[in-house]
Amino acid sequence: MHALFSRPAAALSIAAATALAPIAIALPDTAAHAADNPYLVGAGAADITGEPAEVGFMGYGDSSQKGSGIHTRQYARVFLVVDPATSKRNVVIVLDALSAWQSLRDELVRRIQAAYPGQFGEENIMVTASHTHATPGGISHHMLFNVTTLGFHPDTFNAQVEGSMKALDAAMKDLAPGNVTVSRSSLTQVGRNRSMAAYTGNRAELRKQLVNGVDPTDMTLRLERNGKTRAVINWFAIHPTSLTTQNTLVSSDNKGYAEYLLEHDDHGVDRNRAGSGDGFIAAFANSNAGDVTPNTNLRAGSGPTDDQFQNVKIQGAKQANAVRAQLRSSGTPVGSGLDGRITYVDMVNQEVDARFTGTGKAERTCSAFLGVPFARGSEEDGGGGLPIFHEGQTTQSFLGRIIFAPTNAQRACQSPKGLMVADMNGKLMQTVVPVQIMRFGTYYILGLPGEMTGAVGAQYRLDAAQLFGVDPSHIIVQGYTNAYTHYVTTVEEYQSQQYEGGVTLYGPYTMAAYRQALSKVGTALKQNESLPLGTKPWDPHPVTSLQGKVVYDKPVFGLKYGQVTVQPQDAYAGVQEVSAEFVGAHPNNNMHLDSSYFVIEKYNGGRWEYFAGDNHPDTFFEWQRSGVAGSKVTVRWAPTKDVQPGRFRIRYMGDAKVSASTMTSFEGVTRPFQIMRR
């Protein structure tokens, strides 16, 4: 169905420290601070790639979309800033994933506080995501989001948690005097508004903040040391849905490609090889991307080209180039001081003050319901929707009436939405949600769990700027933060019941309720007052899934692990793709975190040397079941014209489950092949 229900809408190491037990970190001597290094800054990254095979993907809600390998790996990137003058600190964790989830945030907060007692609380930990849809699911504790995975996946969940902790440990060890600066530009002609029928109903005040219905704001937070940028977080509103529901390879999509370009191409950082490059870290987070598609032809997988993997590169390169241009000039220092506030808000049947509704009177939110457009999915980005439904449909769903039996009051509250799926008292979907604001000097990150449309984000930016007495350029609107609660539209957009309006859970005044919550959190932050955390949501305790679990591996009769069944040809030229097939084992046996399932090696000076691994955007690791318990592994590589001629080979590393308690590792190596001059 869609960004799993997100319309799809709705996309180092430095390398990771090892222990997760409490660690005492000695802070650098603050006396060494120069005027241009008022903070301590640190960054770290680690692999969070989950189970790559036979596990349902999270994002499009398509039960047929199950993993079959890796295009690029997924990472957690952590950015840590400490103010020596006050000992306050903020940490932002950016995941190559669909979203942060309440389940993930709760476990990370627990582990971070245990590892670094007294240094972190709920208010100074922020977890967000790029929103790629090419990611293994089963992370949430809420049932709706685990439909395509048939339950919860502890291995994938733990990969995200443990990778995030490794990245934080690395950031703590990386702390050194530095500064935090911001750069900003306008980036247009990348994505398109996919619901113009809804957008055009918005007030002129909001429309003038956008360009053709898309927020052009491109903001970058820079961690610097002595004027040199060491790590960046970028925010730009676009869906990482260049890859369609037909793709079954784990990938970080267009935002991941932007990360790769800045880290690998500009700084020599290869995340398949710990310690490579200069340690630069780049995260591409997301903003008010709710109605922005990268598919500029307004068809899934189409735009700018009809090659989805080429589109990943084109749309990712545009985002990377915008940051590269910003980095050619000095950033603007954020100013002094760090702070943050967070609270939990019950979004169901909440009274919203007239100051926030736009109607001149108080209004109420509704019991949470998904509408009929949810069952269709985004027509521009694709998904697992059913063609009998369509965007803009407001008739009641027969299925919804029978199963969820909405009352007349619920239908009236959600009107004109045609109701389909109810929250079931918080079992299916989260209704008590976190709202967070984090301050870096005079810049503010608004962390919200929803997918805000461009117009909604523009309104929140104007509100926060007025509250804090700063220019709107000082406000960063960030979605997919700390939890996931579907879309947020303006009242005017809601009336159209396009995909976004159909999955705005709490009715037409959902946007207003978040405005009210942001005002509450922001006022406490501005006035330096404490803010009650509120009652956190009930944990539904999900059922563990058996999807993708390996009973045992056994090659087809007559074959052995690692055997190359299809060798590369002797030589390749032009745009020819290299391919080899191996007798393999199930990749879920070992996710090869901070490593690789294969390496491409080049012969140099009498020895074989590493050339690329499974995080390279021009390689493809594909798994397929063979027989009852056998596995066929295909490695493909599409060398670009900048690859220098030479002799190469492919080495595949597998792990076979030969019994319930025994795992064995093995390798397979192809014969050498030649890449010719092009």
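A quick note: this is a predicted structure, and the numbers were derived from the prediction, not measured.
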[Y] backbone acceptor or donor facing [X] side chain under 3.5 Å:
| X | Y | result |
| --- | --- | --- |
| S99 | W101 | no |
| N272 | A612 | no |
| S103 | I139 | yes |
| S579 | T634 | no |
| D174 | A43 | yes |
| Q319 | F236 | no |
| T49 | Q74 | yes |
| Q576 | A573 | yes |
| Q674 | D570 | no |
| S595 | L593 | no |

State, without any angle test, whether [X] and [Y] hold a side-chain donor-acceptor pair at a distance under 3.5 Å.
| X | Y | value |
| --- | --- | --- |
| D278 | H267 | yes |
| S631 | H586 | no |
| N588 | D155 | no |
| E451 | Y484 | yes |
| S665 | D655 | yes |
| N615 | D270 | no |
| S251 | H71 | yes |
| S242 | Q315 | no |
| N286 | S130 | no |
| E51 | T156 | yes |
| E259 | S252 | no |

Identify the two heavy atoms, one from [X] and one from [Y], that lie closest to each other, and give their separation to 0.1 Å.
| X | Y | value |
| --- | --- | --- |
| K318 | V190 | CD-CG2, 3.9 Å |
| R73 | S596 | NH2-CA, 4.1 Å |
| G584 | Y652 | CA-OH, 3.3 Å |
| P555 | V583 | CB-CG1, 3.9 Å |
| T670 | A580 | CG2-CB, 3.7 Å |
| L428 | F145 | O-CE1, 4.0 Å |

Check whether any side-chain heavy atom of [X] sits under 4.5 Å from a side-chain heavy atom of [Y], and report yes or no.
| X | Y | result |
| --- | --- | --- |
| N482 | V127 | yes |
| F611 | V643 | yes |
| M429 | L370 | yes |
| L144 | H486 | yes |
| K255 | H239 | no |

Distance (rounded to the nearest 0.5 Å) between [X] [atom1] and [Y] [atom2]:
| X | Y | atom1 | atom2 | result |
| --- | --- | --- | --- | --- |
| Q308 | D253 | CD | CG | 9.0 Å |
| T132 | L243 | OG1 | CG | 7.0 Å |
| N158 | S164 | CG | OG | 11.5 Å |
| K166 | Y75 | NZ | OH | 12.0 Å |

So if I apply the side chain to side chain donor-acceptor pair (under 3.5 Å) rule between [X] and each of [options], which one comes out positive?
| X | options | answer |
| --- | --- | --- |
| D62 | T245, T148, T244 | T245 |
| E54 | K66, R625, Q547 | R625 |
| D381 | R194, H133, R299 | R194 |

For this session: Would you indicate whether K602, at its atom NZ, is surrounded by more than 12 heavy atoms from other residues, nucleotides or ligands within a distance under 6.0 Å?
Result: yes
For this session: Report, as yes or no, whether the 6.0 Å neighbourhood of atom CE on M143 holds more than 12 heavy atoms from other residues, nucleotides or ligands.
Result: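 No - once you tally the heavy atoms of other residues, nucleotides and ligands closer than 6.0 Å, there are 12 at most.
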Problem set entry | Evaluation steps, side chain to side chain donor-acceptor pair (under 3.5 Å), between N311 and T305 | CA-CA 6 Å; N311 292 340; T305 76; 2.7 Å; yes
Problem set entry | Ionic contact status for K313 with D307, cut-off 4.0 Å |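 A salt bridge is absent here (no side-chain N lies under 4.0 Å from a carboxylate O).
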Exercise. Are D96 and R77 within salt-bridge range, i.e. N to O under 4.0 Å?
Worked result: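 Salt bridge between D96 and R77, a charged N being under 4.0 Å from a carboxylate O: yes.
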Can you say whether the rings of [X] and [Y] are parallel (under 30°), tilted (30 to 60°) or perpendicular (over 60°)?
| X | Y | value |
| --- | --- | --- |
| F673 | Y572 | perpendicular |
| F309 | F620 | perpendicular |
| F621 | Y597 | parallel |
| H264 | Y260 | parallel |

Exercise. Among L108, T128, L104, whose side-chain contact (heavy atoms from CB on, under 4.5 Å) with I93 holds?
Worked result: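 For I93, the side-chain contact (heavy atoms from CB on, under 4.5 Å) check succeeds only for L108.
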Exercise. With ring centroids as reference points, do Y561 and F582 lie under 6.0 angstrom apart?
Worked result: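 Here the rings of F582 and Y561 have centres that are no less than 6.0 Å from each other.
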